[in-house]
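Contents: one structure, followed by commentary.
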Amino acid sequence: MRKPLMPKATACWLIENTTLSFKQISEFVGLHALEIQAIADGEVSSGILPRNPLENGELTQDEIIKCEKDPNLKLSIKNSEIPIPDSKTKGSRYTPLSK
């Protein structure tokens, strides 16, 4: 499953602007629930600028409202039109001519 870019910054924004549970946020961004709690307590996120997942096309407002009403639901990342790049395979290594 695809995860959001800059997970800690996204988690900061979700903590400050929604009533989602730590478990829901941790499953969405791919961090541990204790790390989300530490961000909420201000122990970890001292220099992190929050990143809005709505403006970046990772979530919709409807998805957030739906998950705020039911804490058993999981946030799902919105599909993007931008293709995911293929991982490059390592090619042949350079062999010096002197060998």
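- Taken from CG in Leu49 to NZ in Lys8, the straight-line distance is 14.0 Å, to the nearest 0.5 Å.
- Both Ile77 and Leu31 belong to a common hydrophobic cluster when Ile, Leu, Val, Met, Phe, Trp and Tyr are linked at side-chain heavy-atom distances under 4.5 angstrom.
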Next item on the list: Start with the C-alpha gap between Leu14 and Leu59, add the side-chain angles, then the distance that decides, and say whether side-chain contact (heavy atoms from CB on, under 4.5 Å) holds.
Entry: CA-CA 11 Å; Leu14 290 171; Leu59 276 177; 4.1 Å; yes
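- Here the side chain of Glu63 pairs no donor or acceptor atom with the backbone of Leu75 at under 3.5 angstrom.
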Item checked: Working for side-chain contact (heavy atoms from CB on, under 4.5 Å), residues Ile64 and Leu54 -> CA-CA 10 Å; Ile64 291 174; Leu54 300 175; 3.8 Å; yes
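- Judged by distance alone, with hydrogens and angles left aside, the side-chain atoms of Glu16 form no donor-acceptor pair with the main-chain N or O of Pro50 at under 3.5 Å.
- The structure places CD of Glu27 at 4.5 Å from NZ of Lys74, a figure rounded to the nearest 0.5 Å.
- Considering every non-hydrogen atom in both Ala9 and Ile48, the closest pair reads CA-CG2, 3.7 Å.
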Notebook entry, point to check: Given Glu58 and Leu5, is the side-chain contact (heavy atoms from CB on, under 4.5 Å) satisfied, shown in steps?
Noted result: CA-CA 9 Å; Glu58 296 171 342; Leu5 186 67; 4.0 Å; yes
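- In this structure, Cys12 SG and Asn52 CG are separated by 12.5 Å, a value rounded to the nearest 0.5 Å.
- Taking hydrophobic clusters as Ile, Leu, Val, Met, Phe, Trp and Tyr residues chained together by side-chain heavy-atom distances below 4.5 Å, Val44 shares a cluster with Leu20.
- Taking CH2 of Trp13 as the reference point, atom OG1 of Thr18 lies at 7.0 Å (rounded to 0.5 Å).
- Side-chain atoms of Asp70 never come within 3.5 Å of backbone atoms of Lys66 as a donor-acceptor pair (strictly under, hydrogens ignored).
- Across every non-hydrogen atom of Glu68 and Thr19, the tightest pair is OE2-N, 3.0 Å.
- From Lys23, atom NZ reaches atom NE2 of His32 across 11.5 Å, with rounding to the nearest 0.5 Å.
- We find the CD-CD1 distance between Glu35 and Ile25 to be 12.5 Å, quoted to the nearest 0.5 Å.
- In terms of heavy-atom proximity, Asn72 sits nearest to Gln24 at N-NE2, 4.5 Å.
- The shortest non-hydrogen separation linking Pro4 to Phe28 is CD-O, 3.3 Å.
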